[in-house]
S.K.: 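After the structure tokens below, expect a handful of questions from me.
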Amino acid sequence: MTGVQRVRIFPTADALGAALAEVVANVLAKTPSSVLGLPTGRTPIPLYRHLIDLHRLGRIDFRRATTFNLDEFVGLGQGDAGSYRTFMRKHLFDAVGLSPRRAHFLNGRARDLDKECERYERAIRRAGGIDLQILGLGTNGHIGFNEPARALSARTHRVQLRTATRQANASLFDHRWTRVPREGLSMGMSTILEARRIVLIATGATKARAVERMIHGPVTTGMPASFLQLHPHADVWVDSDAAARLKGSGGIR
Ligand code: GLP
């Protein structure tokens, strides 16, 4: 193992989601005003389901929590069906009573997108930084909308989306990837790496290759998730399918 990440392998995506929901519950029990960084996508859905269950059981309280979502599509914002803001309301926020004032998003409809990115950086700083950042993983190794490239942006920025990323997001747009916006706004690599603790989650066989490269490959802008190797408190949680290429590589678990 080349990096400092701790890797945990779960039998199923659901078991991973349940375990991570317990971690989030513990973080909020210890410090109710914690700041969480959250992803969208298929992968965190079991986590969000388990958080809703814990909330129903009275085992987690989001009232003092603050959240920052990683990214958003350019052109979309509040009320737009395909926006990540709508995704989060549907899959988590409405059910756990998180106040919209405390749930922060990039506004893809802002008139000046550069200023919007600067505003987001300031808002994260004003909140005291992110305590726990949960990340998904693109099949091409992206995190947030930080796509593989010759150079990566450090701070929150506007980004051109790769076709693979637009295709992966097609389910939000009637399964028609050509309807997925061509651009996004995303926290930058430094914004992400400044989080005090990171848990990247990846499930399913389609992620196996990216998981292997992220953990065992070199740190390279061609695989943005490989930068987690540089973070002192980054964990990688995978299900057995996403871990398929790690088996036999030794020292993992
Ligand atoms: C999108 C999001 C990422 C997410 C990734 C993986 O492009 N911008 O933040 O991690 O897709 O999505 P999924 O979990 O659906 O595989």
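Whatever order the structure lists ligands and atoms in, that order sets their numbers, starting from 1. Both backbone and side-chain heavy atoms feed into the values below; hydrogens, waters and symmetry mates do not.
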S.K.: Output yes when E183 and R158 qualify as a salt bridge under the 4.0 Å nitrogen-oxygen rule, no when they do not.
M.R.: yes
S.K.: Show me which atoms of ligand 1 lie under 4.0 Å from any heavy atom of F145.
M.R.: 7 (O), 8 (N)
S.K.: Within the side chain of R102, is there an N or O that forms a donor-acceptor pair under 3.5 Å with the backbone of R64?
M.R.: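 Such a contact is found between R102 side chain and R64 backbone.
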S.K.: Quick test: of every protein heavy atom, which one is nearest to atom 15 (O) of ligand 1, and how far off is it to 0.1 Å?
M.R.: R42 N, 2.7 Å
S.K.: Need the ligand 1 atom indices (1-based, order shown) with element for anything under 4.0 Å from a heavy-atom of L137.
M.R.: 6 (C), 10 (O)
S.K.: So which heavy atom in the protein is nearest atom 8 (N) of ligand 1, and how far is it from that ligand atom?
M.R.: D71 OD2, 2.7 Å
S.K.: Run the numbers for me: atoms of ligand 1, each under 4.0 Å from some heavy atom of T165, listed by number.
M.R.: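 So the atoms of ligand 1 that pass are 7 (O).
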S.K.: Please check: side-chain N/O of S186 versus main-chain N/O of G144, any donor-acceptor pairing under 3.5 Å?
M.R.: no
S.K.: What atoms of ligand 1 come within less than 4.0 Å of a heavy atom belonging to G136?
M.R.: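 Answer for ligand 1: 10 (O).
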S.K.: Using the ring of each side chain (for Trp, its six-membered ring), is H231 parallel, tilted or perpendicular to H233, with breaks at 30° and 60°?
M.R.: perpendicular
S.K.: Does Q78 have more than 12 heavy atoms from other residues, nucleotides or ligands lying within 6.0 Å of its CD?
M.R.: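 At most 12 heavy atoms, drawn from other residues, nucleotides or ligands, come within 6.0 Å of this atom.
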S.K.: How far is atom 11 (O) of ligand 1 from its nearest protein heavy atom, and which residue and atom name does that atom have?
M.R.: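 Looking at atom 11 (O) of ligand 1, the protein heavy atom closest to it is H142 NE2, 3.6 Å.
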S.K.: For the residue pair H91 and T40, establish whether any side-chain heavy-atom pair is separated by less than 4.5 Å.
M.R.: no
S.K.: Return the closest protein heavy atom for atom 12 (O) of ligand 1 as residue, atom name and distance.
M.R.: G41 CA, 4.0 Å
S.K.: So which heavy atom in the protein is nearest atom 14 (O) of ligand 1, and how far is it from that ligand atom?
M.R.: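 Result: T43 OG1, 2.4 Å.
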S.K.: Tell me which protein heavy atom sits closest to atom 2 (C) of ligand 1, plus the residue, atom name and distance to 0.1 Å.
M.R.: Y84 OH, 3.5 Å
S.K.: Is the NZ or CZ atom of R8 positioned over W237's six-membered ring, under 6.0 angstrom from the centre and within 45° of the axis?
M.R.: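 Judged by the rule, R8 and W237 form a cation-pi pair.
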S.K.: Return the residue, atom name and 0.1 Å-rounded distance of the protein heavy atom closest to atom 16 (O) of ligand 1.
M.R.: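 Result for atom 16 (O) of ligand 1: K207 NZ, 2.6 Å.
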S.K.: Which residue owns the protein heavy atom closest to atom 3 (C) of ligand 1, what's the atom, and how far is it?
M.R.: G144 O, 3.5 Å
S.K.: Show the numbers, then the answer: is there a ring pair (Phe, Tyr, Trp, His ring centres under 6.0 Å) between Y120 and F68?
M.R.: CA-CA 9 Å; Y120 210 57; F68 285 90; 5.6 Å; yes
